[in-house]
Peer 1: 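Please read through the structure below; I'll follow up with questions.
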Amino acid sequence: MRWATGGMAVRLVMFNILVFLLLTTLRLLIGLGLPLPTLPGAFGLATSADLSVLATRPWSAVTHMFAHTEVWHLAINMLILWWMGGMFRGYFGDRRTLSTYLMGGLSGFVLYVLATNLVPSFPQGGYALGASSAVMALMVATATYLPDTVIRLFLIGPVKLKWVAVAYVVLDYVALSNGSNVGGHLGHIGGAAYGFFYMRGMQSNRDLGVPMEKLIDWLVTTF
C-alpha cells in the first residue's frame, strides 16, 4: 500500500487529497439539502488573521495547511509537495520531512497573522487555507541544500533548483503590491524563510526542527 511504502511526502499528499475529498463531499451533501452543521472557512479548518476569530478556532493554525477547496490549488501544491518533498525526504528522512512541513506551515501562519495585524494597509478579514507555506518550506530547504541541482521545466528546459526557488519567492513578494491574496503570499514567504533558515541551521549543526520532532514523538507515544 502506498501509505505504508511511499514515505512521508506521499503520505502528506494522500492526506491532503483525503481532506479535500471530505470537504467536497460535505459541500455536496449540503447542496443536496442535508442539514449539516457548518462553520465558515472550509468547515472551520481554514485560519484567520482576525484575532477574535482565531480565538474561536485555535486548531486552524495547523488544520489550514491540510485544507483545500479548489482543484487547481490542491493540484499545484501536491505536485510540488510530491516532487520537492520526495527529494527532501531522500536526504533527511520521514521525521524531518513532516517536521519541516509543519514548521513551514506554522511560520507562514505566524507571518500572515503578525503582518496583517501590524500593517493596516493589508486587507483585513477573510480566511487562509492550503499547504502552500508548508510546501514552500520544503522546496526552499531542498534548494538551499542542493542549489546547483539541475531540473527540467516544461517549456523552459534545464534550470538550477536555486533559481526556481528564488523565482517563487520573488513572485510572491511582487504579488504583495497587487493587494490580492495578501495572506497567501505572506504565508508563502514565511514558509520559504523557515525552509532557508532551517537548512542553514542544519549546515551549521543547529536543527530548528527538533522541538517539533519531539512534539510529534510525544503525540505518537501518548496517543
Peer 1: Sequence neighbours left out, what passes side chain to side chain contact (heavy atoms under 4.5 Å, CB included) with V119? Give chain and number order.
Peer 2: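 If we apply the side chain to side chain contact (heavy atoms under 4.5 Å, CB included) test to V119, skipping adjacent residues, the hits are S121, F122.
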Peer 1: Would V174 end up clustered with M139 when hydrophobic side chains under 4.5 Å apart are linked, directly or stepwise?
Peer 2: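 The answer is yes; both residues are in one hydrophobic cluster.
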Peer 1: Compare all side-chain heavy atoms of F92 with those of M199 and state whether any distance is below 4.5 angstrom.
Peer 2: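 Yes, their side chains come closer than 4.5 Å.
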Peer 1: Starting at OG of S132, measure out to NE2 of H185 and round the result to the nearest 0.5 Å.
Peer 2: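 It is 9.5 Å, given to the nearest 0.5 Å.
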Peer 1: With the side chain counted from C-beta on, respond yes when V19 and L23 share a heavy-atom pair under 4.5 Å apart, and no when they do not.
Peer 2: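 Yes - at least one pair of side-chain heavy atoms lies under 4.5 Å apart.
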Peer 1: Can you tell if the side chain of M8 reaches within under 4.5 Å of the side chain of F88, non-hydrogen atoms only?
Peer 2: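 They are not in side-chain contact.
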Peer 1: Would you indicate whether the side-chain heavy atoms of M103 and L208 approach each other to under 4.5 Å?
Peer 2: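 No, side chains not in contact.
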Peer 1: Keeping to residues at least two apart or across chains, list the side-chain hydrogen bond (donor to acceptor under 3.5 Å, both in side chains) pairs with something in residues 61-72.
Peer 2: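 Every pair satisfying side-chain hydrogen bond (donor to acceptor under 3.5 Å, both in side chains) with a residue in residues 61-72: H68-N77.
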Peer 1: With sequence neighbours left out, what residues match S107 under side chain to side chain contact (heavy atoms under 4.5 Å, CB included)?
Peer 2: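 Here the qualifying residues are Y194.
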Peer 1: If you look only at distance, which donor and acceptor atoms sit under 3.5 Å apart when one is on a side chain in residues 152-164 and the other is two or more places apart or in another chain?
Peer 2:
{"residue": "K162", "atom": "NZ", "partner": "D148", "partner atom": "OD1", "Å": "3.2"}

Peer 1: What residues form a side chain to side chain contact (heavy atoms under 4.5 Å, CB included) with A61, not counting sequence neighbours?
Peer 2: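 Once residues adjacent in sequence are excluded, the partners of A61 under the side chain to side chain contact (heavy atoms under 4.5 Å, CB included) criterion are L106, F109.
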Peer 1: More than 12 heavy atoms of other residues, nucleotides or ligands under 6.0 Å from OH of Y168: yes or no?
Peer 2: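 Atom OH in Y168 is not packed in, count stays at 12 or less.
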Peer 1: Treat each ILVMFWY residue as a node, draw an edge where side-chain heavy atoms are under 4.5 Å apart, and state whether V110 and L129 are in one component.
Peer 2: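 Result: no, two separate clusters.
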Peer 1: Can you tell me which residue pairs pass the side-chain hydrogen bond (donor to acceptor under 3.5 Å, both in side chains) test with a partner in residues 15-34, sequence neighbours excluded?
Peer 2: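 Pairs touching residues 15-34 that pass the test: N16-Y101.
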Peer 1: Side-chain donor-acceptor pairs under 3.5 Å in residues 42-50, sequence neighbours left out?
Peer 2:
{"residue": "T47", "atom": "OG1", "partner": "S60", "partner atom": "OG", "Å": "3.0"}
{"residue": "S48", "atom": "OG", "partner": "D50", "partner atom": "N", "Å": "3.0"}
{"residue": "S48", "atom": "OG", "partner": "G126", "partner atom": "O", "Å": "3.4"}
{"residue": "D50", "atom": "OD1", "partner": "S52", "partner atom": "N", "Å": "3.0"}
{"residue": "D50", "atom": "OD1", "partner": "S52", "partner atom": "OG", "Å": "2.6"}

Peer 1: Enumerate the salt bridge (charged side-chain N to carboxylate O under 4.0 Å, His left out) contacts for residues 196-212, please, sequence neighbours excluded, ordered by first and then second residue.
Peer 2: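 Those involving residues 196-212 are R96-D207.
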Peer 1: Start with the C-alpha gap between L215 and L102, add the side-chain angles, then the distance that decides, and say whether side-chain contact (heavy atoms from CB on, under 4.5 Å) holds.
Peer 2: CA-CA 11 Å; L215 175 60; L102 293 172; over 6 Å; no
Peer 1: Going hydrophobic residue to hydrophobic residue with side-chain gaps under 4.5 angstrom, can you get from L171 over to V182?
Peer 2: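 No.
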Peer 1: If hydrophobic residues (ILVMFWY) are linked whenever their side-chain heavy atoms come closer than 4.5 Å, directly or via other members, who joins Y127 in its cluster?
Peer 2: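 Grouped by the 4.5 Å side-chain rule, V53 form the rest of the cluster around Y127.
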Peer 1: How would you list, by chain and number, every residue that makes a side chain to side chain contact (heavy atoms under 4.5 Å, CB included) with I76, sequence neighbours excluded?
Peer 2: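 Per chain and number, I76 pairs via side chain to side chain contact (heavy atoms under 4.5 Å, CB included) with I80.
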Peer 1: Locate the shortest heavy-atom distance separating G209 from S99; write the atom from each residue and the value.
Peer 2: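 Here G209 and S99 meet closest at O-CB, 4.1 Å.
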Peer 1: Please list, chain by chain and in numerical order, all residues satisfying ring pair (Phe, Tyr, Trp, His ring centres under 6.0 Å) with Y173, sequence neighbours excluded.
Peer 2: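 In terms of ring pair (Phe, Tyr, Trp, His ring centres under 6.0 Å), with neighbours along the sequence ignored, Y173 is linked to no residue.
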Peer 1: So do the side chains of Q203 and Y145 get within less than 4.5 Å of each other, counting heavy atoms only?
Peer 2: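 Q203 reaches Y145 side chain to side chain.
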Peer 1: Working to the nearest 0.5 angstrom, can you tell me the gap between T97 OG1 and R11 CZ?
Peer 2: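 These two atoms lie 10.0 Å from each other.
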Peer 1: Side chains of L12 and W82, heavy atoms from C-beta outward: is any pair under 4.5 Å?
Peer 2: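 No - every pair of side-chain heavy atoms lies 4.5 Å or more apart.
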Peer 1: Report yes if the side chains of V169 and F196 come closer than 4.5 Å at any heavy-atom pair, otherwise no.
Peer 2: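 V169 vs F196: side chains apart.
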Peer 1: Report yes if some heavy atom in the side chain of R57 is under 4.5 Å from a heavy atom in the side chain of P40; otherwise report no.
Peer 2: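 They are in contact (side-chain heavy atoms under 4.5 Å apart), so the answer is yes.
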Peer 1: Show me, pair by pair, the donor-acceptor contacts under 3.5 angstrom made by side chains of residues 216-223, not counting sequence neighbours?
Peer 2:
{"residue": "D217", "atom": "OD1", "partner": "R95", "partner atom": "NH2", "Å": "3.4"}
{"residue": "D217", "atom": "OD2", "partner": "R95", "partner atom": "NH2", "Å": "2.6"}
{"residue": "W218", "atom": "NE1", "partner": "T222", "partner atom": "OG1", "Å": "3.4"}
{"residue": "T221", "atom": "OG1", "partner": "D217", "partner atom": "O", "Å": "2.8"}
{"residue": "T222", "atom": "OG1", "partner": "W218", "partner atom": "O", "Å": "2.7"}

